[in-house]
Amino acid sequence: MQRILEPEVMDTPEEAIEYDAMDFTEVNTAFARSAIDLAPPIATVLDAGTGTARIPILISEFRPNWRIIAIDLAVSMLELGRKNIALANCQDRIQLERVDVKRMPYANRQFDLVISNSLIHHLSDPLPFLQEIRRVVTPEGGIFLRDLLRPDSEEAIERMVASIGPEYSPHQAKLFGDSLRAAFTLPEIEDLLQRAGLEGVRVYRSSDRHWTALREGKK
């Protein structure tokens with residue numbers, strides 16, 4: 001099936017609250033645990049598309065000596081993220097910034113690790129973002145990207161949405177379905193990474209609904 005775009009930025013207070021209320025604890029924790037093995041104990045890390053900062057908060061518990069710059073374009077998401085960071089008492093480890101991932105204000109080779117979870121399906125064209133990753137990560141730095149895989153039919157999407165359980169509201173279920181329709185296939189991601197010139201990145205299907213692009217950094 002063809003990709004159907006969704007809005008790049010979820011930037012109303014209602015959308016941010018709805019998103020933050022969704023229980024991603026299991027997948028976020030798995031992402032954080034994988035990320036901490038990709039850079040040295042002291043590192044500068046970029047989290048692109050941080051949303052409400054749940055993942056950098058988890059990472060900071062495992063890696064208190066990492067400096068994490070977490071960016072998003074949605075003001076409402078960042079406002080909730082600041083509250084979450086304050087509640088977790090990790091303001092000294094996580095710096096939130098409103099930044100467009102396609103045009104980052106950071107220096108070349110600034111980061112030891114670049115991570116991003118569930119951002120790429122929001123981008124109409126992820127190539128500028130991937131090219132920016134190549135620019136801001138060190139030559140021996142880590143890269144860890146994960147997102148949804150687009151199913152091959154509308155019927156498959158409807159089955160996946162139906163499987164998420166009654167704890168999700170109808171609006172949350174709709175958001176999930178929209179995200180699946182906007183996601184990329186594995187060959188599409190492989191092509192984008194190649195065109196961006198990102199070398200040494202392994203791309204693979206990491207669950208029944210996710211792909212992962214991974215490059216281990218120097219530790």
Side-chain angles (χ1 to χ4, degrees), residues 1-35 47-55 58 72-74 76-77 80 100-102 115-130 133 143-196 198 201-214:
M1 63 177 291
Q2 295 296 312
R3 185 177 181 230
I4 302 173
L5 297 180
E6 65 175 356
E8 183 169 323
V9 182
M10 298 169 63
D11 202 12
T12 68
E14 294 78 15
E15 286 176 322
I17 292 168
E18 188 88 7
Y19 177 83
D20 197 51
M22 296 173 77
D23 186 7
F24 297 127
T25 304
E26 184 176 348
V27 293
N28 285 351
T29 301
F31 186 95
R33 287 187 178 276
S34 297
D47 177 27
T50 194
T52 58
R54 296 292 187 179
I55 284 176
L58 287 167
D72 207 286
L73 200 54
S76 297
M77 291 284 192
L80 269 181
D100 185 343
V101 299
K102 302 183 294 298
I115 65 173
S116 181
N117 184 57
S118 297
L119 167 67
I120 286 179
H121 75 269
H122 284 287
L123 305 177
S124 59
D125 178 11
L127 186 59
F129 168 48
L130 297 174
I133 291 177
I143 296 170
F144 184 33
L145 315 176
R146 180 169 289 165
D147 210 324
L148 293 167
L149 278 167
R150 187 172 78 251
D152 57 10
S153 69
E154 183 63 29
E155 291 75 17
I157 289 176
E158 291 174 0
R159 286 195 300 270
M160 293 177 74
V161 171
S163 72
I164 61 175
E167 64 271 20
Y168 289 90
S169 71
H171 182 59
Q172 290 170 333
K174 181 181 182 303
L175 289 175
F176 180 48
D178 290 346
S179 294
L180 289 169
R181 294 178 184 93
F184 289 87
T185 64
L186 210 58
E188 288 169 345
I189 290 298
E190 290 170 340
D191 177 67
L192 283 163
L193 290 168
Q194 184 177 27
R195 288 163 57 199
L198 283 170
V201 180
R202 180 167 63 97
V203 185
Y204 58 97
R205 183 171 186 149
S206 49
S207 80
D208 63 335
R209 64 183 67 173
H210 294 97
W211 60 263
T212 294
L214 178 68

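Scanning all heavy atoms of the two residues, the minimum distance from D72 to G51 falls at OD2-N, 2.7 Å. In this structure, S116 and A48 approach most closely via the heavy-atom pair OG-O, 3.0 Å. Minimum interatomic distance between M1 and P151 (heavy atoms only, all atoms of both residues): CG-O, 3.3 Å. R3 and L123 get closest at one heavy-atom pair: NH2-O, 2.7 Å. In this structure, I120 and D147 approach most closely via the heavy-atom pair N-OD2, 2.8 Å. For the residue pair Y204 and R146, the shortest heavy atom distance occurs at OH-NH2, 4.4 Å.
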Is there a side chain to side chain contact (heavy atoms under 4.5 Å, CB included) between R209 and L149 once you walk through the steps?
CA-CA 5 Å; R209 64 183 67 173; L149 278 167; 5.8 Å; no
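By the 6.0 Å contact criterion, CD on Q194 is open, its count of non-hydrogen atoms from other residues, nucleotides or ligands being 12 or less.
Note: H210 NE2 to L148 CG = 4.5 Å, rounded to the nearest 0.5 Å. Between the CD1 atom in I189 and the NE2 atom in H121 there is a gap of 11.5 Å [rounded to 0.5 Å]. Between H122 atom NE2 and F129 atom CZ the span is 12.0 Å, to the nearest 0.5 Å. Taking CZ of F144 as the reference point, atom CD1 of I55 lies at 8.5 Å (rounded to 0.5 Å). Atom-to-atom distance recorded for N117:CG and D47:CG is 8.0 Å, nearest 0.5 angstrom. Here the CG atom belonging to L5 is positioned 11.0 Å from the CG atom belonging to D178, to the nearest 0.5 angstrom.
A distance-only check finds a donor-acceptor pair linking the side chain of R205 to the backbone of D208 [under 3.5 Å].
The side-chain hydrogen bond (donor to acceptor under 3.5 Å, both in side chains) search around S34 returns none, not counting sequence neighbours. Under the rule for a side-chain contact (heavy atoms from CB on, under 4.5 Å), the partners of T29 that lie at least two apart in sequence or sit in another chain are T25, R33, L58.
Using a cut-off of 4.0 Å between Lys/Arg side-chain N and Asp/Glu carboxylate O, E188 and R150 are scored as salt-bridged.
Paired with L145 under the rule side chain to side chain contact (heavy atoms under 4.5 Å, CB included), one option of V203, I133, T212 passes, and it is I133.
Proximity of L73 to V101: side-chain heavy atoms (C-beta onward) are nowhere separated by under 4.5 Å.
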